[in-house]
Structures are given as C-alpha cells and as structure tokens.
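Sequence positions, counted from 1, serve as the residue numbers for this chain.
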Amino acid sequence: MKRFICFIATVLCICACERSQAIPDIILETDIGNDVDDALAVDLAYKFVDEGKMNLLAICINKEGSAPAEYVDILNTWYGYPQTPIGVITEGAFCEDDAINYAKAVVDLKNAAGEPAFARSISDYSALPEAPQLYRKILSSRKDHSVTIVSVGFSTNLVRLLATAPDQYSKLDGKALVAQKVKRLIVMAGNFSDPNFHEYNVMKDVPAAKVIFNEWPTPVVASPFELGIQTCYPATSIENDFGWAPLHPVVEAYKAYQPMPYDRPMWDPTALLYAVEGDKWFTVSPKGKVAVEGEGSTLFTEDEAGDRQYLSVNPEQAKAIVDYFVEIIPRKPLGK
C-alpha cells in the first residue's frame with residue numbers, strides 16, 4: 001500500500017512539473033498609449049496569469065513619455081500584480097502626436113475628492129530601468145530557450161538588446177544571450193496581404209524592423225495588420241460587460257481613445273493569444289523569410305530553411321477569437 005501511495009505521489013508530482021513547464025514565461029513589449037488595443041492586450045495578459053496559463057516576467061515599454069510607465073503601474077496595481085517589473089525607453093521613435101494619449105487620460109483621472117482615481121505602487125518612475133538592461137537581468141536568470149517575447153509595438157528595444165555588451169548579469173553579448181535564453185519572438189507587425197502597405201509598428205522604426213526580421217536569432221512569428229482588422233472588440237462589451245467595476249482603467253482608456261461607440265481591431269491581443277495558446281485559434285504560414293523594404297513594406301518568401309512565419313484567420317476563426325476575447329476580458333480579475 002505504501003508503495004502504491006508513493007507511486008501515485010510520484011506520478012502527480014511529474015504531472016505537476018510537466019504542467020509547470022508548459023506554462024510559458026513571457027515578457028510583453030508594448031507601445032502602450034498609442035492604440036487602446038495595447039491596454040486590452042495587457043488586460044488579457046493578467047487574465048492568462050490569473051488562469052495559470054502564463055508567467056508575466058515583465059512589461060517593457062517602447063513608447064516615450066511619462067504616462068506609459070505610470071499607466072502600466074496603475075494596471076499592475078489594479079489587477080493585483082504590483083511587483084511586475086517595468087522597463088522603459090529613451091530616445092525612441094517619436095509618436096506623441098500620433099493618437100489620443102489614453103494612458104495620460106487615465107493617469108490624470110481624478111475622483112470626486114480631486115485625488116488620483118487609481119492607486120500606484122511606484123514612487124519614482126525616473127528610477128525605472130531601460131528595457132534592454134531589464135531584459136538582460138531577467139533573461140540571464142531564466143532557463144535556456146524558455147522565454148517568449150511578445151512585441152506589440154516598435155522593435156527599438158529589441159534591437160538595442162541585441163547590441164548590448166556583456167555586463168554584471170551575463171558574460172554573453174545581447175545577441176548570444178537572446179539565442180541562449182529566448183524560445184521565440186512573437187510580433188504584431190507587418191502586412192503580408194498587401195506589399196505596398198506600411199504597417200505602423202514597422203513604419204515607426206524601419207531600421208529596427210529590418211534587424212529583427214533579418215538578424216533576430218530565434219524563430220519569429222508575426223500577427224499582421226490584416227489579421228487584427230478581422231478581430232474587432234465590440235463597443236457593446238465595453239458598455240455592458242464591466243458593471244462589476246465602478247471605475248476600470250482599461251474601460252476608461254477605451255472611452256478616452258475615441259468617441260464611443262466604436263469597435264477596435266485587436267492587433268495586439270491576437271499576438272499574445274498565439275504566444276499562450278499556439279495555433280488553436282489561427283492558421284500558421286509555412287516557414288520562410290521576411291524582408292522589410294522601403295518605408296515599411298513586409299514581404300514574405302516561403303523557404304524551408306527559414307524560421308519566420310505569420311498568422312492568418314478565416315471568418316470562422318476570427319469570430320471564435322472575438323467571442324473568446326469578449327468572454328475573458330470582462331472577467332473580474334482575481335486581484336479584485
């Protein structure tokens with residue numbers, strides 16, 4: 001009997017270890033504040049963490065300004081993950097005038113007493129580390145080929161990471177460190193249905209995008225523009241499904257971004273969805289190579305020797321994804 005109990009305990013332990021190993025370690029790289037789908041992607045990340053589907057190692061920001069980091073701090077605090085590290089950028093692509101800054105709108109929001117509407121956990125945002133240094137610190141401590149990076153913004157931070165020199169965290173340079181520690185890179189970038197289309201995340205830093213698609217030393221999978229516009233989050237959900245929260249930092253961001261009601265393409269959440277759940281929801285292209293040309297065109301060439309791919313969806317897949325987002329995003333977080 002004792003042997004049987006020991007056997008069962010061993011089996012359960014092995015199963016638990018396998019489940020733990022299957023949970024992806026993810027660093028989310030975002031230009032939060034430019035388009036509200038970034039905020040929805042961060043919400044989705046917390047929900048996946050709540051469900052035990054992913055480990056969120058850090059959120060790195062590739063949009064300049066004080067509001068993005070403070071807004072992410074608000075989100076970390078509100079969702080119950082105040083210790084999630086935040087990396088920032090300086091001298092990145094200029095984009096302050098590209099869209100309504102919903103991050104600043106939420107940061108500046110006050111309650112009836114004239115106090116900040118949302119709590120923060122960080123007292124000095126100027127002390128936050130530059131993203132490449134935070135990457136090096138985190139990657140150096142992880143198992144080989146274990147980290148997935150999901151980049152739903154510009155590639156600036158990632159290129160700077162590749163160019164880093166050995167330091168106190170690792171004797172490897174940036175490219176070698178990425179090759180050793182990163183499993184794959186998932187990007188929201190490009191348009192593979194129109195060779196003349198210059199997708200925003202590529203266009204804002206074309207040289208960086210070229211480096212990523214040409215030199216990044218792990219497999220890269222792109223969730224492109226044409227996929228996102230088929231998976232729009234409905235305004236009806238924003239208006240009707242969050243009644244449990246008198247004040248919600250993502251709902252307030254959504255309302256500030258454009259006049260309601262509007263449905264917003266889910267470019268960024270689809271990239272994270274693939275990183276966590278794989279091809280369950282998507283069609284994945286054959287392997288190949290991606291060339292970035294001109295002002296930001298992305299051209300895919302099928303090649304068995306390549307390790308670049310992109311995602312697509314048919315109408316049935318797109319509807320299933322939207323239905324899933326509408327189910328999971330309005331859920332009350334575990335931290336509330």
Side-chain angles (χ1 to χ4, degrees), residues 28 30-51 53-54 71-72 74-75 78-79 98-103 105-106 109 117-118 150 152-153 186 188-189 191 193 197 199-201 222-277 279-283 311-334 336:
L28 182 60
T30 171
D31 63 332
I32 199 161
N34 280 334
D35 196 314
V36 78
D37 67 319
D38 287 82
L40 291 163
V42 176
D43 176 283
L44 186 64
Y46 298 126
K47 301 298 172 56
F48 282 147
V49 175
D50 284 351
E51 293 185 355
K53 289 185 174 182
M54 66 172 263
Y71 180 55
V72 171
I74 287 172
L75 295 178
W78 194 84
Y79 282 87
D98 289 358
I100 293 175
N101 194 333
Y102 62 84
V106 175
L109 197 63
F118 296 101
V150 179
V152 294
I186 314 298
M188 190 280 117
N191 185 322
S193 64
F197 188 93
E199 189 272 318
Y200 182 75
N201 288 345
S223 183
F225 177 87
E226 62 270 27
L227 190 159
I229 59 174
Q230 297 178 73
T231 55
C232 293
Y233 197 85
T236 52
S237 176
I238 296 293
E239 294 172 325
N240 301 319
D241 295 343
F242 296 84
W244 54 267
L247 204 61
H248 191 299
V250 172
V251 172
E252 295 306 315
Y254 198 101
K255 292 177 178 178
Y257 183 63
Q258 290 184 11
M260 290 288 287
Y262 68 97
D263 299 346
R264 195 62 187 163
M266 297 288 271
W267 290 293
D268 298 345
T270 52
L272 181 63
L273 180 62
Y274 176 76
V276 173
E277 299 204 333
D279 59 4
K280 172 182 177 182
W281 305 93
F282 305 93
T283 299
L311 307 176
S312 62
V313 290
N314 60 36
E316 291 76 20
Q317 290 171 318
K319 182 180 184 305
I321 290 171
V322 172
D323 289 347
Y324 180 65
F325 285 155
V326 171
E327 174 191 345
I328 190 172
I329 289 176
R331 287 181 187 170
K332 188 176 181 179
L334 292 182
K336 301 307 294 178

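Asp241 is linked by a salt bridge (charged side-chain N to carboxylate O under 4.0 Å, His left out) to nothing, counting only residues two or more places apart in sequence or in another chain. Residues satisfying the side chain to side chain donor-acceptor pair (under 3.5 Å) criterion with Tyr71, sequence neighbours excluded, are absent altogether. Every residue meeting the side chain to side chain donor-acceptor pair (under 3.5 Å) condition with Trp281, not counting sequence neighbours, appears here in chain and number order: Glu277. Listed by chain and number, the residues in a salt bridge (charged side-chain N to carboxylate O under 4.0 Å, His left out) with Glu239 amount to none (sequence neighbours excluded). Considering only residues two or more places apart in sequence or on other chains, Leu334 meets the side chain to side chain contact (heavy atoms under 4.5 Å, CB included) condition with Asp50. With sequence neighbours left out, Lys336 forms a salt bridge (charged side-chain N to carboxylate O under 4.0 Å, His left out) with no residue at all. Leu247 is linked by a side chain to side chain contact (heavy atoms under 4.5 Å, CB included) to Leu109, Ala117, Phe118, Glu252, counting only residues two or more places apart in sequence or in another chain. In this structure Asp31 satisfies the side chain to side chain donor-acceptor pair (under 3.5 Å) test together with Asn34, sequence neighbours excluded. Checked against side chain to side chain donor-acceptor pair (under 3.5 Å), Asp37 has no partners two or more places apart in sequence or in another chain. Under the side chain to side chain contact (heavy atoms under 4.5 Å, CB included) criterion, Ala235 pairs with Met260, Pro261, Asp263, not counting sequence neighbours. The salt bridge (charged side-chain N to carboxylate O under 4.0 Å, His left out) search around Asp35 returns Arg264, not counting sequence neighbours.
Between Phe242 and Trp244, the ring planes are tilted. Angles from 30° to 60° get that label.
Taking all atoms of both residues into account, the shortest heavy-atom contact from Pro333 to Lys47 is CG-CE, 4.0 Å. Between Pro265 and Ile229, the closest heavy-atom pair is CB-CA, 3.9 Å. Closest approach of Ala39 and Val250 over heavy atoms only: O-CG2, 3.9 Å. Across all their heavy atoms, Ile100 and Ala256 have their closest contact at CG2-O, 3.5 Å.
In this structure, a donor-acceptor pair under 3.5 Å is absent between the side chains of Thr231 and Thr270.
Asp98 has its side chain within reach of Tyr200: a pair of non-hydrogen atoms, C-beta onward, lies under 4.5 Å apart. By the 4.5 Å heavy-atom criterion applied to side chains, Tyr79 and Val42 are not counted as neighbours. Using a 4.5 Å cut-off on side-chain heavy atoms (C-beta onward), Met266 and Val322 make no contact. A heavy-atom distance below 4.5 Å is not found between the side chains of Phe325 and Leu40. Contact of the Leu28 side chain with the Met54 side chain is not registered, since no non-hydrogen atoms from C-beta on lie closer than 4.5 Å.
The CE atom of Met188 sits 8.5 Å away from atom CG of Leu227, with the distance rounded to the nearest 0.5 Å. With values rounded to the nearest 0.5 angstrom, Leu75 atom CG is found 4.5 Å from Tyr46 atom OH. Rounding to the nearest 0.5 Å gives a distance of 3.5 Å between OG1 of Thr30 and CG of Asp38. Atom CG of Asp268 sits about 12.5 Å away from atom CG of Leu273, to the nearest 0.5 Å.
Taking the six-membered ring for Trp, Tyr262 and Tyr254 have ring centres closer than 6.0 Å.
Under the 3.5 Å distance criterion, the side-chain polar atoms of Gln230 are left unmatched by any main-chain donor or acceptor of Ala318. Under a 3.5 Å cut-off, the side chain of Asp279 and the backbone N or O of Phe282 do not form any donor-acceptor pair.
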Practice item. Determine, stepwise, if the pair Phe48 / Leu272 fulfils side chain to side chain contact (heavy atoms under 4.5 Å, CB included). Key: CA-CA 10 Å; Phe48 282 147; Leu272 181 63; 4.2 Å; yes

Review point. When you look at His248 and Asp43, which way does the side chain to side chain contact (heavy atoms under 4.5 Å, CB included) test go after all the steps?
Key: CA-CA 11 Å; His248 191 299; Asp43 176 283; 4.1 Å; yes

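Sorted by first and then second residue, the pairs that involve residues 322-333 and meet side chain to side chain donor-acceptor pair (under 3.5 Å), not counting sequence neighbours, are Glu51-Arg331, Lys53-Tyr324, Lys319-Asp323, Glu327-Arg331.
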